[in-house]
S.K.: 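Below is the structure I would like to discuss, written out as structure tokens.
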Amino acid sequence: MSLVNTPTSFGSLSRSLHWLTALLILTAIPLGLIANSLPADASTIASKTLLFSLHKTLGVVAFFLGLARILAALLQPHPLPLHPKAKIANALAALVHWMLYISLVAVPLTGWIHHAALSGFAPILWPFGQDLPFVAKSQITADLFAAAHWLFTKLLVASVLLHIAGALKHHLIDRDDTLRRMTRGLKAPLQASTKAANLVPMLCALAIYAAAAALVFQMQDKAPPAATAAPPQTASQALGGNWQVSQGSLGFDVKQMGAEIAGSFASWSAEISFDETTTSGPAGEVLVTIDIGSLTLGAVTDQAKSADFFDVASYKTAQFKAQILAEAGSYQAVGILTIRGIARPLTLPFSLSLTGDTAQMQAAVSLDRRDFGIGAGFADESTVGFPVAVKIALTAERS
């Protein structure tokens with residue numbers, strides 16, 4: 001049996017790729033549908049995340065398989081049709097085939113770009129990272145490619161149904177060897193046409209996908225702009241004290257299903273009273289107020305704001321009130337951190353660089369989310385990690 005196609009039969013390579021593709025599609029689509037239907041609560045989040053991870057991983061496999069199928073279709077002869085006089089039917093069959101080939105690349109690629117444009121939730125199960133070259137973290141990019149993925153999925157499903165319907169029609173109504181050529185590698189009868197296939201079906205399939213892509217861009221342009229918080233990585237103006245924050249960032253990292261997610265708060269304020277001449281003992285005070293609603297956490301931002309986690313509806317702000325202590329050139333803020341109405345003591349060591357009336361501060365500390373009742377229903381650390389690595393950087397000017 002030939003490895004590659006001949007003018008009268010499918011080779012074992014094409015037949016293997018065909019059935020492997022069918023298995024991937026018929027597995028990935030149900031996984032995505034089931035995962036979408038599950039609520040994101042403590043009882044189902046682990047299953048939801050795993051199903052989405054499997055869906056995404058199979059999608060990546062399908063993407064590379066799609067590239068291989070397109071390459072094989074371009075480099076090998078396609079077996080000639082069994083009914084050469086049925087020109088319209090043959091052209092439609094070729095169109096559906098090219099729709100499937102393009103879908104195998106376009107559908108997983110748009111989903112992959114959506115995944116890479118966000119951080120977190122349901123990592124791809126492979127060792128090569130979660131990002132893509134030239135794809136920056138962007139909610140706008142994520143929304144655009146999520147819409148494209150949704151629409152392209154519909155084209156894929158339609159193509160699959162048409163392909164199955166055509167195969168069943170040939171097998172059950174025409175009673176010819178079309179299906180058996182793909183299952184058993186049967187050769188076409190001698191009366192098959194010897195006319196080479198043309199590129200019109202491929203160009204038509206490309207035109208359909210181009211029109212769908214244009215529709216997605218048009219819909220996104222007409223969509224109302226999403227409400228935005230204060231610019232990220234910039235602190236709100238301080239409310240008091242003798243130092244005013246001019247810029248800064250308040251971020252954190254947490255693991256979800258073993259993958260690290262980066263989050264941040266876009267809006268926060270700091271009241272800082274500090275005497276840099278103090279070299280030992282109390283040197284000032286700080287009061288930091290954080291707008292919890294300004295939280296961003298990649299693909300799981302909405303989940304992080306829900307009642308299971310930060311519960312933004314009930315607790316609008318978090319607060320850190322502390323005394324600044326100096327000791328031989330090192331500093332720490334010792335006080336109380338309150339999140340979700342739960343107050344816990346916190347010691348925050350930080351480095352400080354002073355140049356005239358400008359101070360630059362950096363700090364890092366690890367918190368346990370369970371201490372503040374965050375994700376209390378997620379007791380499995382493999383689902384949502386317990387440690388939260390907080391990172392702070394700011395520049396302040398003497399007022």
S.K.: Counting distance only, does the side-chain N/O of Asp308 pair as donor-acceptor with the main-chain N or O of Gly377 below 3.5 Å?
M.R.: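 Judged by distance alone, no pair lies under 3.5 Å.
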
S.K.: Using distance alone, with no hydrogens and no angle criterion, decide if Gln76 and Ser14 have a side-chain donor and acceptor under 3.5 Å apart.
M.R.: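 Yes, side-chain donor-acceptor contact under 3.5 Å.
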
S.K.: Between the side chain of Ser267 and the main-chain N/O of Asp291, is any donor-acceptor distance below 3.5 Å?
M.R.: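 Here the side-chain-to-backbone pair does not exist.
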
S.K.: Around atom NZ of Lys255, are there more than 12 heavy atoms of other residues, nucleotides or ligands at under 6.0 Å?
M.R.: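 It does not: Lys255 NZ has 12 such atoms or fewer within range.
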
S.K.: Please test Phe309 against Phe378 for ring-ring contact (aromatic ring centres under 6.0 Å, His included), starting from the C-alpha separation and ending with a verdict.
M.R.: CA-CA 10 Å; Phe309 290 89; Phe378 295 79; 5.0 Å; yes

S.K.: Just by modelled atom types, is the Val107 backbone N or O under 3.5 Å from a matching donor or acceptor in the His149 side chain?
M.R.: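 Yes, His149 side chain to Val107 backbone: donor-acceptor pair under 3.5 Å.
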
S.K.: Centroid-to-centroid, Phe10 to His78, below 6.0 Å?
M.R.: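 Ring-ring flag for Phe10/His78: true, centres closer than 6.0 Å.
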
S.K.: Looking at every non-hydrogen atom in both residues, tell me the closest pair between His55 and Ala28 and how far apart they are.
M.R.: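 Heavy-atom minimum between the residues: ND1-O, 2.7 Å.
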
S.K.: Tell me, with the steps shown, if Trp98 and Tyr101 meet ring-ring contact (aromatic ring centres under 6.0 Å, His included).
M.R.: CA-CA 5 Å; Trp98 278 107; Tyr101 293 153; 5.1 Å; yes

S.K.: Using the rule that two of Ile, Leu, Val, Met, Phe, Trp, Tyr join whenever any of their side-chain heavy atoms come within less than 4.5 Å, decide whether Leu215 and Ile113 are in one cluster.
M.R.: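 Yes, one cluster joins them.
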
S.K.: Between Thr178 and His171, is a side-chain contact (heavy atoms from CB on, under 4.5 Å) present by the stated rule, with each step listed?
M.R.: CA-CA 7 Å; Thr178 297; His171 193 68; over 6 Å; no

S.K.: Measure the shortest side-chain to side-chain distance between Leu118 and His114 over non-hydrogen atoms and say whether it is less than 4.5 angstrom.
M.R.: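 Side-chain contact under 4.5 Å: yes.
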
S.K.: Would you give the length of the straight line joining atom CG of Leu337 to atom CG of Asp371, rounded to the nearest 0.5 angstrom?
M.R.: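 Taking CG in Leu337 and CG in Asp371, the distance rounds to 10.0 Å.
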
S.K.: Which distance, rounded to the nearest 0.5 Å, do you find between the OG of Ser382 and the CD of Gln256?
M.R.: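 Here the interatomic distance stands at 10.0 Å.
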
S.K.: Just verifying a value: how many Å separate Ile70 CD1 and Leu75 CG, rounded to the nearest 0.5 Å?
M.R.: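 Between atom CD1 of Ile70 and atom CG of Leu75 there are 11.5 Å.
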
S.K.: Within a strict 4.5 Å, meaning less than it, do heavy atoms of the Gln130 and Ile124 side chains meet?
M.R.: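 They are in side-chain contact.
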
S.K.: Which heavy-atom pair separates Ala148 from Thr110 by the least distance, and what is that distance?
M.R.: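 Where Ala148 meets Thr110 most closely, the heavy atoms are CB-CG2, 3.9 Å.
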
S.K.: Can a donor-acceptor pair be found, under 3.5 Å and without considering hydrogens, that links the side chain of Lys305 to the backbone of Thr301?
M.R.: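 Checking the backbone N and O of Thr301 against the side chain of Lys305, no donor-acceptor pair under 3.5 Å is found.
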
S.K.: Of the non-hydrogen atoms in Ala363 and Phe350, which two are nearest, and what is the gap between them?
M.R.: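 Scanning both residues, the minimum pair turns out to be CB-CB, 3.6 Å.
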
S.K.: Does Leu20 reach the side chain of Leu65, with side-chain heavy atoms less than 4.5 Å apart?
M.R.: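 They are in side-chain contact.
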
S.K.: What pairs meet the side chain to side chain donor-acceptor pair (under 3.5 Å) rule with one or both residues in residues 317-343, with sequence neighbours excluded?
M.R.: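 Listed by first then second residue: Ser280-Glu327.
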
S.K.: Should the heavy atoms of other residues, nucleotides or ligands under 6.0 Å from CG of Asp174 be counted, would the total exceed 12?
M.R.: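 Check passes, neighbour count above 12.
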
S.K.: May I have the step-by-step check of ring-ring contact (aromatic ring centres under 6.0 Å, His included) for His163 and His18, ending in yes or no?
M.R.: CA-CA 12 Å; His163 183 65; His18 175 276; 5.7 Å; yes

S.K.: Under a plain distance cut-off of 3.5 Å, with no hydrogens placed, do Asp176 and His83 share a side-chain donor-acceptor pair?
M.R.: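 Yes, a side-chain donor-acceptor pair sits under 3.5 Å.
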
S.K.: For Ser366 and Pro387, which heavy atoms make the closest approach, and how far apart are they?
M.R.: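 Nearest pair, atom of Ser366 first, then Pro387: OG-CB, 4.0 Å.
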
S.K.: Between Leu104 and Leu100, is there a side-chain heavy-atom distance shorter than 4.5 Å?
M.R.: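 Sidechains of Leu104 and Leu100: no contact.
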
S.K.: Using a 3.5 Å distance criterion without hydrogens, assess whether the side chain of Asp311 forms a donor-acceptor pair with backbone atoms of Ser306.
M.R.: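 It does not hold such a pair.
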
S.K.: Under a 4.5 Å cut-off applied to non-hydrogen side-chain atoms, are Phe310 and Ile339 in contact?
M.R.: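 Yes, close enough: below the 4.5 Å cut-off.
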
S.K.: Using side-chain contact (heavy atoms from CB on, under 4.5 Å), reason through Ile292 and Lys316 one step at a time and then give a plain yes or no.
M.R.: CA-CA 6 Å; Ile292 300 299; Lys316 306 295 185 184; over 6 Å; no

S.K.: Using modelled atom types only, decide if a donor and an acceptor are shared between the side chain of Trp150 and the backbone of Thr153 within a distance under 3.5 Å.
M.R.: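 No.
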
S.K.: Let me confirm one number: the OG-NZ distance from Ser37 to Lys48, rounded to the nearest 0.5 Å.
M.R.: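 Spacing of OG (Ser37) from NZ (Lys48) equals 7.0 Å.
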
S.K.: If I take atom CG from residue Leu51 and atom CG from residue Leu33, how far apart are they, to the nearest 0.5 angstrom?
M.R.: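 Leu51 CG to Leu33 CG: 11.0 Å, rounded to 0.5 Å.
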
S.K.: Applying a strict under-4.5 Å side-chain criterion to I, L, V, M, F, W and Y, I'd like to know whether Leu156 and Phe63 cluster together.
M.R.: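 Yes, Leu156 connects to Phe63 through the hydrophobic network.
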
S.K.: Side chains of Val390 and Leu250: does their closest heavy-atom pair fall under 4.5 Å?
M.R.: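 Of all side-chain heavy-atom pairs linking Leu250 with Val390, at least one is under 4.5 Å.
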
S.K.: Given the rule in the ring-ring contact (aromatic ring centres under 6.0 Å, His included) test, do Tyr209 and Phe152 qualify, once you have shown the distances and angles that lead to the verdict?
M.R.: CA-CA 8 Å; Tyr209 258 95; Phe152 290 175; 4.8 Å; yes

S.K.: Not counting sequence neighbours, list each pair that qualifies as a ring-ring contact (aromatic ring centres under 6.0 Å, His included) and has a residue in residues 379-399.
M.R.: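 Listed once each, the pairs would be none.
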
S.K.: Please check if the side chain of Trp19 supplies one atom and the backbone of Met182 the other of a donor-acceptor pair under 3.5 Å.
M.R.: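 Between the backbone of Met182 and the side chain of Trp19 there is a qualifying donor-acceptor contact (under 3.5 Å).
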
S.K.: Give a yes or no on whether the ring-centroid distance for Phe252 and Phe265 is below 6.0 angstrom.
M.R.: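 For Phe252 and Phe265, the ring centres are under 6.0 Å apart.
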
S.K.: Quick one: are Gln247 and Leu394 in side-chain contact, heavy atoms under 4.5 Å?
M.R.: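 Answer no - side chains too far apart.
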
S.K.: Could you report the tightest heavy-atom contact between Val245 and Ala270, atom names first, then the distance?
M.R.: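 In terms of heavy atoms, the two residues are closest at CG2-CB, 3.9 Å.
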
S.K.: When you compare the side chains of Thr44 and Ser47, does any donor N or O come within less than 3.5 Å of an acceptor on the partner?
M.R.: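 Side chains of Thr44 and Ser47: no pair found under 3.5 Å.
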
S.K.: Over all heavy atoms of both residues, which pair between Ile25 and Pro30 is shortest? Give the atoms and the distance, please.
M.R.: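 For Ile25 and Pro30, the tightest heavy-atom pair comes out as O-CD, 4.0 Å.
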
S.K.: Do Trp268 side-chain atoms and Val288 backbone N/O form a donor-acceptor pair below 3.5 Å?
M.R.: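 No.
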
S.K.: Please say yes or no: joined through hydrophobic side-chain contacts below 4.5 Å, possibly via intermediate residues, are Val61 and Leu26 part of one cluster?
M.R.: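 Hydrophobic grouping puts Val61 apart from Leu26.
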
S.K.: Run the side-chain contact (heavy atoms from CB on, under 4.5 Å) test on Val216 and Phe145 for me, step by step, so that the C-alpha distance in whole Å, both residues' side-chain angles and the decisive distance to 0.1 Å come before the verdict.
M.R.: CA-CA 9 Å; Val216 169; Phe145 282 91; over 6 Å; no

S.K.: Can Thr183 and Arg180 be said to form a side-chain contact (heavy atoms from CB on, under 4.5 Å), step by step?
M.R.: CA-CA 5 Å; Thr183 57; Arg180 281 183 282 268; 4.2 Å; yes

S.K.: Report, as yes or no, whether the 6.0 Å neighbourhood of atom CD1 on Ile140 holds more than 12 heavy atoms from other residues, nucleotides or ligands.
M.R.: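 Not buried by this count: 12 neighbours or fewer within 6.0 Å.
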
S.K.: Can you list every pair that meets side chain to side chain donor-acceptor pair (under 3.5 Å) and has a residue in residues 390-399, with sequence neighbours left out?
M.R.: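 Only Asp253-Lys391, Glu276-Arg398, Asp357-Arg398, Thr358-Glu397 qualify under side chain to side chain donor-acceptor pair (under 3.5 Å).
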
S.K.: Identify whether the distance between the nearest side-chain nitrogen and carboxylate oxygen of Lys137 and Asp131 falls below 4.0 Å.
M.R.: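 Answer for the salt bridge query: yes.
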
S.K.: With a 6.0 Å cut-off (strictly less than), is the heavy-atom count around CG of Leu172, excluding the residue itself, greater than 12?
M.R.: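 Enclosed: over 12 neighbouring heavy atoms sit under 6.0 Å from CG of Leu172.
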
S.K.: If we only count heavy atoms from C-beta on, is the Asn36 to Phe52 side-chain gap below 4.5 Å?
M.R.: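 In short, these two side chains touch, coming nearer than 4.5 Å.
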
S.K.: Indicate if Leu287 and Ile324 have the same hydrophobic cluster label, given that clusters are the connected sets of ILVMFWY residues with side-chain heavy-atom separations under 4.5 angstrom.
M.R.: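 No, it is not one cluster - the side chains of Leu287 and Ile324 are not joined through contacts under 4.5 Å.
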
S.K.: Examine the side chains of Ser264 and Thr296 and answer whether a donor and an acceptor come within less than 3.5 Å of each other.
M.R.: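 Yes.
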
